[in-house]
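Please read the structure below before turning to the comments.
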Amino acid sequence: MQDLRETYLARISGAADQAALEEVRLAALGKKGEISLKMRELGKMSPEERQTVGKALNELKDELDTALRARKVAMEDAALDERLKAEWLDVTLPARHRMRGTIHPVSHVTEECTAIFADMGFAVAEGPQIETDWYNFDALNIAPEHPARQEHDTFFMHRAEGDNRPPHVLRTHTSPVQIRAMQDQGAPIRVIAPGRVYRMDMDQTHAPMFHQIEGMAIDKDISMANLKWVLEEFFTAYFGTKVKTRFRASHFPFTEPSAEVDIQCSWVNGQLRVGEGDGWLEVLGSGMMHPKVLRAGGIDPDQWQGFAFGMGIDRMAMLKYGIPDLRAFFESDLRWLRHYGFGALEAPTVHAG
Ligand code: DAH
């Protein structure tokens, strides 16, 4: 018994790992372990023998069992200590540098405008940037010989020789989306269409690609008064201050009557201030939709009437955020983008909610 005890206690403390320890346990206390076999022999003994040997065996079994458990816990603790040492982390180290982009002012302002118009019940409509000349011009009552076609400095898509399909153009304005939205949704309808437009033009205030936002509302009794209210409401929300507007009679082929709209402003030490003073700044074109345009969109002009407007998004961004040069918008200069860009979490919150 004493031999057994010493042998197994030595083996337990000498076990190198959990697997070895388990082997020792099986060898001693397993079903066919040495101690278990000895227990079985108790049956052949006399009652007196059985009492002393049985008691001693039981004590030995308990002692080995306790030793096994203690050794197992010690091994687990040691393993955990090892792991904690290996996985130790210095949380005071400086964080790894992460490149963070900004939201482009055009994207931000598009969101702002969309949110304000959404609040007034306008949904967003879209159209392709490559348009047929019918959508870009004819459907908007701009006939082939109309001088507006030249004024628009249009980019035409390439046509191989002998390809006589009518030309496709890069849309020169967002107005063709009016036609597409009317065809898709019919009347009544209230939509805006922000997007890219293209004209062959390049100087401090013009880029060959820029952005417009189109607006259109058609119903039974829409009038210029609704147009004026919507626009004043928009400018006031956008600039965060009451902004007076001035409607000047103008001409667009797709509206009758037509008006160019100016907003109140002043120049203080070379800085533009919107919503104060007695200066005026032209910001958009608008009017009551021409009957021919309604008809081109599949809407009966004897039943319905509507207003439309179009304004430059880039221009709106320059006015609100004091950005001086339009060309910089599209140069992808990181210093400019970091300076004028917006954080991803500065999403517009002007809409109700
Ligand atoms: N499409 C015009 C342009 O690009 C702007 C415009 C004027 C749009 C009057 C309209 C409108 O919807 O009614 O210059």
Side-chain angles (χ1 to χ4, degrees), residues 113 117 122-129 131 133-143 146-155 169-183 187 189-201 205-219 222-231 234-235 245-263 281-297 299 301 304-316 326:
C113 295
F117 282 115
F122 287 79
V124 172
E126 284 180 319
Q129 294 176 40
E131 268 294 10
D133 63 349
W134 186 82
Y135 277 104
N136 196 76
F137 295 121
D138 303 69
L140 291 160
N141 194 33
I142 309 174
H146 197 284
R149 291 221 185 183
Q150 275 77 59
E151 279 165 31
H152 276 200
D153 309 310
T154 312
F155 285 108
V169 301
L170 292 181
R171 67 180 182 195
T172 58
H173 50 181
T174 42
S175 301
V177 185
Q178 288 184 25
I179 309 296
R180 291 184 176 274
M182 283 188 279
Q183 289 177 335
I189 183 173
R190 221 185 298 175
V191 289
I192 54 162
R196 294 184 165 178
V197 301
Y198 302 83
R199 289 182 203 175
M200 234 181 301
D201 216 346
T205 52
H206 296 91
M209 186 280 295
F210 58 105
H211 300 81
Q212 287 188 332
I213 189 160
E214 194 80 12
M216 173 175 84
I218 303 173
D219 212 320
I222 293 273
S223 73
M224 287 292 270
N226 301 125
L227 171 67
K228 184 157 196 202
W229 183 86
V230 164
L231 290 179
F234 167 75
F235 290 125
T245 58
R246 183 171 75 174
F247 280 55
R248 271 181 300 105
S250 181
H251 175 265
F252 300 103
F254 29 91
T255 43
E256 182 59 38
S258 303
E260 280 176 308
V261 178
D262 304 337
I263 53 174
L281 195 73
E282 184 198 321
V283 288
L284 62 77
S286 65
M288 294 304 293
M289 295 177 70
H290 196 288
K292 284 190 182 167
V293 174
L294 289 167
R295 215 171 277 130
I299 289 175
W304 305 92
Q305 55 191 32
F307 68 68
F309 61 86
M311 77 184 153
I313 294 177
D314 322 81
R315 189 85 193 289
M316 280 292 140
L326 178 73

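Residue numbers run from 1 in the order of the sequence given. Note that the structure is predicted; figures quoted are calculated from it, not measured. Whatever order the structure lists them in is the order used to number ligands and atoms, beginning at 1.
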Heavy atoms only, cut-off 4.0 Å: how does [X] contact ligand 1, side chain, backbone, both, or neither?
X	answer
Gln178	side chain
Arg199	side chain
Phe309	backbone
Glu214	side chain

His173 and Phe252 aromatic centres sub-6.0 Å:
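Between Phe252 and His173, which both carry aromatic rings, the centre distance is not below 6.0 Å.
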Are the aromatic rings of Phe307 and Phe247 close, with centres under 6.0 Å apart?
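For Phe307 and Phe247, the ring centres are not under 6.0 Å apart.
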So for Gln212, does at least one of its heavy atoms come nearer than 4.0 angstrom to any atom of ligand 1?
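Yes, that is the case, since the closest heavy atom of the residue is under 4.0 Å from the ligand.
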Please say whether Ala308 places an N or O atom under 3.5 Å from an N or O atom belonging to ligand 1.
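Yes, since at least one N or O of Ala308 sits under 3.5 Å from an N or O of ligand 1.
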Between Phe117 and Phe234, what is the ring plane arrangement, given parallel below 30°, perpendicular above 60°, and tilted in between?
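Parallel.
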Cation-pi geometry met for Arg171 and Tyr135 (6.0 Å, 45°)
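No, cation not above the ring by the 6.0 Å, 45° rule.
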Numbered atoms of ligand 1 (with element) below 4.0 Å of [X], judged on heavy atoms:
X	result
Ser175	1 (N), 8 (C)
Thr255	13 (O)
Ser286	7 (C), 9 (C), 11 (C), 13 (O)

Which residue from Phe307, Phe254, Phe210, Phe252 reaches closest to atom 11 (C) of ligand 1 through any of its heavy atoms?
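Of the listed residues, Phe254 has the closest heavy atom.
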